[in-house]
Each structure stands twice: as structure tokens, then as C-alpha cells.
S.K.: 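Before I ask anything, here is the structure I am working with.
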Amino acid sequence: MFHPAVSRFVACRIPLVAWALLLVAPVLRAQNGPVAPPLPGVPYTLKPDLSEPGETRGLRCISAKPFPVPSGSEIISIPGGDFETDGKIPAGWDAQKGQVVAADDAPQGKAYYKIEAIQGTTLRTPRIPAKPGRPYFLSLWLKCPAEHYAVVTFTSEERLPSTSVDTCYIPGTGNQWKRVGIYFWMPVPAKTVQFHISPRGEPEQPGQYICVDDLQLRSASNEEMAGAYEAERSHLPPYNVAPRPGDGRNLALSVAKWEGKAGIPGKPYVIWGIGSSWTAAQEEGYGLIYDIQKNFPHAPPIEYHAHDGAGTPWSYAGDWVKQFVGAEQPDLIFTYTVGTPEGLDAMLTEIRKHTTADIIVPSIHFRPTDSMTPDNIENGYVSWAEIREICEKHHAEFVEHRRDLAEYFKVSGLKPDDLLIDHVHQNQHGRIRVWDDVMKHITDPKQFTYDPKSLERAIPVNPPMDTVTEKVTLHGKWIAGNTSVRSAQGGDKITVHFTGNRIDLIGHRTTGGGTAKVLIDGTPAEQAPVFHGNYIRAIPKIYPKKKVSGQPGDTAPQAVNLLNHLIPQSWTITMLDDNGNYEIVGSVTGPDGKGNAAQPFVSNSGQIGIDPEMWRNNVVKNKDQSPGQPPVFGNGTDDKFVFDVDRCAVGWVSFAGDKPDLFSVPLVQNLPNQEHTLEIVTSGDGGVDIESFYVFSPMEK
């Protein structure tokens with residue numbers, strides 16, 4: 001089921017501003033009040049003078065001496081990171097056109113690595129295992145004449161390559177050894193991290209080199225990471241992050257979870273970022289994690305997942321919700337992209353009909369060519385007035401990023417390009433300002449547009465709940481505890497009548513725990529007709545075939561329709577030619593029909609439907625194509641697309657554990673959002689201890 005993931009395409013994500021933009025003065029807390037220019041009418045200087053003595057701190061750091069290692073830090077080995085390897089390139093490193101140099105002036109030991117500062121040379125560490133969902137600090141000795149590309153990439157062993165790239169520059173150090181440090185957040189579900197240096201162009205003078213020594217990686221604390229982020233923000237002009245009246249009013253369920261008033265005990269708060277390369281430029285989502293933890297210090301652990309595609313509009317992001325994001329039942333969906341109002345409406349409808357996730361939709365930043373007139377502010381890319389109305393209709397939290405940036409530029413004297421890496425995508429400055437505007441909505445406005453209990457609610461069993469929408473009935477000899485009920489004999493039953501599309505069980509594991517059978521609407525749950533798919537992985541034979549930009553998954557079906565008589569299995573779509581014809585084969589069903597990427601399709605067994613509107617770049621509109629020429633299909637012979645269909649219900653629950661433990665398990669998901677009956681029947685093979693149930697009822701039926 002799993003495969004080594006491929007790192008995201010990063011060429012469009014390399015910053016084109018100086019490393020100096022990412023380095024900051026000594027730590028100061030970012031200003032949260034009304035903004036004011038440093039000097040009226042004087043543009044803010046973005047590049048501090050790094051030739052001055054002393055240290056700079058932020059998410060990127062530079063020093064003349066090693067950085068301190070806080071007590072409790074976990075040191076992670078980078079094999080060969082000291083280059084004391086007898087003149088050989090360390091095993092597992094990708095080092096093109098460079099050499100290990102023995103020298104007495106090495107900042108550590110007697111050797112360092114040296115590459116000429118020209119295109120085509122590179123230095124890439126091995127993939128280093130690290131724990132996801134926590135901060136780290138990477139540091140190295142560096143000597144080079146000018147700034148160059150550097151990236152920190154994260155890779156996953158999961159089938160969905162939801163990896164991230166943390167882009168940065170290595171600074172010019174005036175050809176003196178300096179210690180450079182990089183803070184980063186290890187995203188979920190990444191398993192490894194890798195550091196890569198690549199010269200960004202030809203040097204101003206020949207014979208210039210990049211020298212590296214003593215790479216070290218260690219864990220960082222949440223407090224240390226937050227301090228680095230605050231220091232990074234303090235380098236920038238002041239920015240108003242104070243909430244306005246009404247901000248946050250569509251985040252009722254999230255606020256309840258951040259305040260500990262809702263949610264399943266022990267479950268992390270899960271965020272999915274979906275959209276285009278603008279969403280990708282928000283990287284591992286740390287700014288949003290920081291915002292939540294800063295404003296709600298008792299929030300549960302936070303996971304940020306992301307998936308993006310080149311130029312992905314709202315419509316295709318909505319297909320991802322349908323195909324695999326919704327199956328994760330996220331707590332929040334963040335999308336930073338554009339598209340048509342109809343595409344946004346379809347995406348929000350998909351989210352609201354099948355999940356209980358809150359939604360954040362910011363307006364998009366400016367390009368250098370934008371005039372920033374009132375009309376441009378309100379209608380650049382799309383009519384933002386229409387987008388506001390659609391967000392309000394679906395109780396999505398709309399973020400006035402475009403309006404706030406226009407005011408920011410007016411006050412600070414900055415230009416749109418100061419916040420961009422390549423005239424299109426956000427640099428670190430621009431990334432922070434997106435999160436700053438989102439921060440205004442990470443608040444408790446006290447009045448919300450909906451009741452969080454209408455979406456998710458606990459169903460207690462002791463005493464048994466009995467309301468209009470939920471009712472618990474105990475059958476047999478259940479023994480009441482403080483808040484739970486227990487049984488050690490077979491045949492005892494709990495019946496739960498509920499309204500929603502998913503129900504979880506919360507119980508206690510014990511060393512003498514037994515099992516219980518699960519039935520839904522009178523059917524054993526392992527036979528329930530509830531299914532979900534997962535990410536459709538593109539396996540191109542030759543890519544790109546038609547010079548289509550982006551990743552292979554950008555020229556592929558983004559979703560399929562799960563129809564009738566479904567059987568859990570893996571499916572493979574194989575292109576038969578260059579004219580859009582394909583065959584679909586199930587691992588259990590076998591060959592199940594042939595279709596064309598430009599035509600609606602239903603498999604012979606009736607299990608799988610493929611809508612051509614969900615197939616991105618199925619037919620490529622070539623601007624150089626003459627009228628009357630045959631269509632050009634984005635995929636070619638032997639391109640493959642693989643996905644799974646799984647039953648999302650469990651037939652049995654085990655209450656056995658090595659030690660007493662509170663646990664939760666989704667019993668049935670993806671039900672029709674209506675009334676259902678759940679039954680839990682004890683087997684008599686050990687103790688069954690049930691605390692409560694937890695039901696999900698999406699907002700739109």
C-alpha cells in the first residue's frame with residue numbers, strides 16, 4: 001500500500017530575495033496593535049547589514065560561534081556531517097563536482113567540503129530520520145562569498161506524497177567561517193529530512209567556492225521554535241494582527257476544541273492545507289500552528305497536512321476533499337488559491353456535506369503588475385465580493401488578506417514584490433503576512449454563526465443520553481462506573497440512535513479487556529455499505545508528455561465517483577494509447593471496462609465512475625494548435641493511476657491493552673447524514689468498558 005514518496009517540485013519555490021530578509025535582529029515580540037511606519041513616508045529597509053558584529057536570530061540564524069544546545073535537546077546523527085572521512089565524499093551523500101578538503105583552518109576537525117559556486121554543483125545530505133510534528137534546528141559552518149539556494153526537504157513513506165519543502169538561502173559570509181542555523185517544523189506525515197545546497201548561478205568572479213563543515217541536527221522545544229518565529233516577525237515592519245468585530249465567528253467548533261470544550265480526548269487537531277503552489281508556499285504550516293498555540297495555549301496537539309498542485313483552482317481542491325481529504329475527517333481545511341466562484345461553491349459544498357471541518361479562505365496577495373486601485377483590490381483574480389457571499393453561505397471564515405496588504409503597503413512604503421520570491425509566490429515575509437491575517441480570526445468572538453454541538457457532540461452512556469437526536473439504551477447487566485459502563489459477560493448490548501454520518505467509540509483498555517461486535521442499522525459493520533477512496537497516485541511512463549506544468553498528479557484524475565456494489569480493493573487505470581483511451585482493472589474485480597479521458601465513464605461492474613471534469617489536463621489546449629486539429633491528450637500510453645477503495649467501518653472492537661488506557665476508534669464513517677442505529681454487543685471474552693460515543697453531523701444535508 002505504501003511507496004517511497006517523491007519530494008515536491010521546488011523550482012518555483014526558491015526565494016529571489018536575499019538571505020538577509022530571513023535574518024532578524026535580537027528577539028523582540030511582534031507588535032499586535034495598530035501599525036505605524038518606522039518613519040513617516042520612509043520605506044522600510046528589508047536588508048539589515050550583516051557585516052556588523054554580533055548575532056542575528058530568527059527562523060534563520062547566523063553567528064561567529066557555535067549555537068548553544070539547550071538542555072534536553074535530542075541530537076540526531078548526520079553520518080559524515082563532520083567530513084572527517086579521509087578525503088572521501090561521505091557515504092550516502094550526493095555531492096556533485098565537489099571535494100573533501102584537508103585543512104588546518106577547518107572550523108571543526110581537519111577537513112571540510114568544498115564546491116565551486118557555479119551551476120551544476122551540489123551538496124545533498126542523506127535522508128535523516130526524524131519525528132514528525134515537532135520542531136528541529138539544523139546548523140552548519142559556512143564560508144562563501146554570496147548567497148545561494150538551500151532547501152530543507154521532507155519525505156514520507158506514505159502513498160500520498162504530502163511532503164513539504166522549506167526554502168531558504170545560505171548567506172554570503174564574506175568568505176569567513178560563520179555558523180548558520182535553520183529552524184523548521186517537521187510536518188506530518190514526513191519521516192525523513194534532507195538538506196540541499198545548490199549554487200544559484202554563475203559567480204561574479206571565477207574561482208569562488210562554497211565551503212561547508214560540521215552539519216548538526218537537533219530537536220528544538222516548542223518554546224524555542226515560537227521564539228524564533230517571533231524574532232522573524234520582529235524583523236518586519238509592524239503589522240496589525242488584532243481581531244476585528246466578527247472575526248472568527250465561523251470557527252465555533254475549532255474554538256471549542258482549542259478551549260477543551262469539544263473533540264475526542266487524545267485526538268490531535270488536524271489541519272489540511274489544499275490548493276495551488278500558493279498553498280504550498282505556506283510550507284509546513286508552522287505559522288498557523290503558532291497562531292493557534294499562541295492564542296489558545298491549552299489547545300490539543302496540532303497536525304498540519306498539505307497537498308498542492310501547480311495552479312490548482314478551488315474546483316480540483318474540492319475533488320481532493322471528495323477523494324481523500326474528507327476521509328481524514330479534518331478539523332480545519334485551509335485553502336490559499338483562486339478559481340471560479342462556482343468552483344469555490346462546489347468545494348465548500350463538498351466539505352460541508354461530508355465533514356465537520358471548519359474552513360478558512362483568504363483572498364490572494366498582489367502581483368508586481370497589480371495597480372492596487374480600489375477596483376484591483378476588490379476584483380483582482382476574481383470578484384472577492386462574490387467570494388465573500390459564498391463563504392458566508394457555507395459558514396466559511398473569509399480572511400481579508402488582500403485589503404489588509406493594500407493598507408500595509410500604503411503605511412510601510414513596501415511594494416508587492418517585497419513579499420514575493422519570484423514575482424508570483426510568497427517569500428518568508430509574504431508567508432508570515434498570510435498567517436498574520438489568519439491570526440486575526442484565531443480568536444473567540446463569543447458569538448458564532450452556528451452551534452458547535454450541531455456538528456459534533458459526545459453521547460454519554462452513564463447516565464444514558466436521551467434527546468431528540470440521540471438516545472442510548474442499555475440491555476443486559478451493565479455495571480455503572482463513575483462515567484462509564486462495564487460488562488464482562490456475553491450478550492450485553494448498547495443501542496445508540498443518532499443522527500450523523502460518523503460515530504466513534506470512546507472506551508477504556510485493560511489487561512483483561514475483551515471484544516464487542518458492532519452493527520449499524522441492523523447489519524454487521526464489516527458488511528456495511530460505507531466506503532472511501534484515497535489519493536490517486538500517478539505513475540507516468542514518460543513525464544511530461546505534453547509539457548504540462550506541475551507534478552504528474554496534476555495531469556491525472558483528481559477524484560472518482562464511488563458508485564454501487566463496491567468491493568474493497570485496489571484499482572489501476574492504464575492509458576492504452578496517446579488518444580485518451582484507458583482500461584480500469586480492480587485487484588479483486590479484474591478488468592472492468594474501457595473508457596476515454598474526455599468522456600463520462602462507469603465501470604462494467606458499476607463500482608467506479610470517472611467524470612471528465614475531474615480529470616485534470618485530460619485534453620490539453622495548446623495555444624499553438626491550429627483550428628480543426630485533433631485534440632491533444634495530457635496522458636500517454638502506459639501512464640497509470642492507482643487508488644484504493646476501503647470499507648470505513650469496523651466489525652469488532654478490542655478493549656484489551658498492555659495497561660489501562662483511554663482510547664477512541666471510528667466505528668462507522670461516510671454514512672448518509674441521517675438517522676441511524678448503532679449496536680454494540682459484548683462477546684464475553686473479557687471486560688468491555690465504554691465511556692461514551694462521539695457523533696459527527698455535517699452542516700449541510
Side-chain angles (χ1 to χ4, degrees), residues 132-135 185 188 221-223 225-226 241 243 247-272 285-305 328-334 355-360 395 397 435 438-463 465 467 469-470 472 481-484 498 500 502-509 660-667 689-699:
R134 61 183 298 182
W185 185 271
V188 176
S221 66
N222 287 337
E223 293 76 15
M225 183 75 182
V241 297
D247 283 354
R249 63 195 180 98
N250 294 298
L251 302 178
L253 184 54
S254 290
V255 170
K257 291 176 179 178
W258 298 334
E259 293 180 341
K261 300 175 182 177
I264 297 173
K267 179 183 179 294
Y269 182 86
V270 176
I271 303 168
W272 267 86
Y286 177 72
L288 182 51
I289 296 171
Y290 166 88
D291 291 346
I292 296 171
Q293 292 178 336
K294 178 181 176 66
N295 292 346
F296 295 89
H298 301 296
I302 301 168
E303 294 183 0
Y304 184 93
H305 302 247
E328 301 289 335
Q329 194 61 53
D331 299 289
L332 177 68
I333 292 177
F334 167 81
T355 83
T356 55
D358 282 332
I359 309 160
I360 293 179
H395 298 268
E397 189 75 4
W435 294 135
V438 169
M439 181 189 283
K440 300 171 186 177
H441 301 258
I442 308 301
T443 185
D444 184 353
K446 305 303 181 184
Q447 292 185 333
F448 297 96
T449 62
Y450 69 90
D451 180 357
K453 291 183 179 179
S454 68
L455 301 187
E456 295 183 16
R457 51 200 171 271
I459 304 176
V461 297
N462 182 20
M465 174 173 274
T467 67
T469 55
E470 278 84 38
V472 175
N482 290 332
T483 55
S484 66
F498 70 96
R502 168 178 167 171
I503 188 167
D504 291 17
L505 179 148
I506 302 171
H508 297 271
R509 290 192 182 98
D661 182 34
L662 184 71
F663 76 101
S664 66
V665 57
L667 298 178
D689 191 334
I690 297 176
E691 179 75 21
S692 61
F693 297 90
Y694 197 88
V695 68
F696 297 74
S697 299
M699 185 178 293

S.K.: Once salt bridge (charged side-chain N to carboxylate O under 4.0 Å, His left out) is applied, do any residues pair with E470, and if so which ones, sequence neighbours excluded?
M.R.: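 E470: salt bridge (charged side-chain N to carboxylate O under 4.0 Å, His left out) contacts with R457.
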
S.K.: Sequence neighbours excluded, which residues qualify as salt bridge (charged side-chain N to carboxylate O under 4.0 Å, His left out) partners of D291?
M.R.: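 For D291 there are no salt bridge (charged side-chain N to carboxylate O under 4.0 Å, His left out) partners, ignoring immediate neighbours.
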
S.K.: Going by salt bridge (charged side-chain N to carboxylate O under 4.0 Å, His left out), name the residues that satisfy it together with K453, two or more places apart in sequence or in a different chain.
M.R.: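 For K453, no residue satisfies salt bridge (charged side-chain N to carboxylate O under 4.0 Å, His left out) once neighbours in sequence are set aside.
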
S.K.: Quiz question: by atom type and distance under 3.5 Å, do the side chains of H305 and E328 form a donor-acceptor pair?
M.R.: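 There is no such pair (donor and acceptor under 3.5 Å, judged by atom type) between the side chains of H305 and E328.
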
S.K.: With heavy-atom distances below 4.5 Å as the criterion, would you say the side chains of V665 and F663 are in contact?
M.R.: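 V665 reaches F663 side chain to side chain.
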
S.K.: Can you find a side-chain donor-acceptor pair between S697 and E456 that sits under 3.5 Å?
M.R.: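 Looking only at side-chain atoms, E456 and S697 do not form any donor-acceptor pair under 3.5 Å.
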
S.K.: Would you please name every residue forming a side chain to side chain donor-acceptor pair (under 3.5 Å) with T355, sequence neighbours left out?
M.R.: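 Scan of T355 (side chain to side chain donor-acceptor pair (under 3.5 Å), adjacent residues dropped) gives none.
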
S.K.: Suppose we screen for side-chain contact (heavy atoms from CB on, under 4.5 Å). Which residues come up paired with A262, at least two apart in sequence or across chains?
M.R.: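 side-chain contact (heavy atoms from CB on, under 4.5 Å) list for A262, sorted by chain: L253, A256, K257, Y694.
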
S.K.: Under the side-chain contact (heavy atoms from CB on, under 4.5 Å) rule, collect the residues that match up with P265, sequence neighbours excluded.
M.R.: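 Result, side-chain contact (heavy atoms from CB on, under 4.5 Å) vs P265: I506, L662.
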
S.K.: List in chain and number order the residues that pass side-chain contact (heavy atoms from CB on, under 4.5 Å) with P666, two or more places apart in sequence or in another chain; answer none if no residue qualifies.
M.R.: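 With sequence neighbours excluded, P666 shows a side-chain contact (heavy atoms from CB on, under 4.5 Å) to R502, D504, Q669, given in chain and number order.
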
S.K.: Please enumerate all residues that pass side-chain contact (heavy atoms from CB on, under 4.5 Å) together with P135, with sequence neighbours excluded.
M.R.: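 Partners of P135 under the side-chain contact (heavy atoms from CB on, under 4.5 Å) test: W185, A220, N222, M225.
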
S.K.: Can you list the residues that meet the salt bridge (charged side-chain N to carboxylate O under 4.0 Å, His left out) rule with K267, with sequence neighbours excluded?
M.R.: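 By the salt bridge (charged side-chain N to carboxylate O under 4.0 Å, His left out) rule, K267 matches D331.
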
S.K.: Taking the six-membered ring where the residue is Trp, are the ring centres of W258 and Y269 under 6.0 Å apart?
M.R.: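 Yes.
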
S.K.: For Q329, enumerate each residue passing the side chain to side chain donor-acceptor pair (under 3.5 Å) test, keeping only those at least two apart in sequence or located in another chain.
M.R.: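 Partners of Q329 by the side chain to side chain donor-acceptor pair (under 3.5 Å) criterion, ordered by chain and then number, come out as T356.
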
S.K.: Using side chain to side chain donor-acceptor pair (under 3.5 Å) as the criterion, list what pairs up with D444, not counting sequence neighbours.
M.R.: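 With neighbours one apart ignored, the set is K446.
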
S.K.: According to side chain to side chain donor-acceptor pair (under 3.5 Å), who are the partners of T449, at least two apart in sequence or on a separate chain?
M.R.: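 If we apply the side chain to side chain donor-acceptor pair (under 3.5 Å) test to T449, skipping adjacent residues, the hits are N250, H395.
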
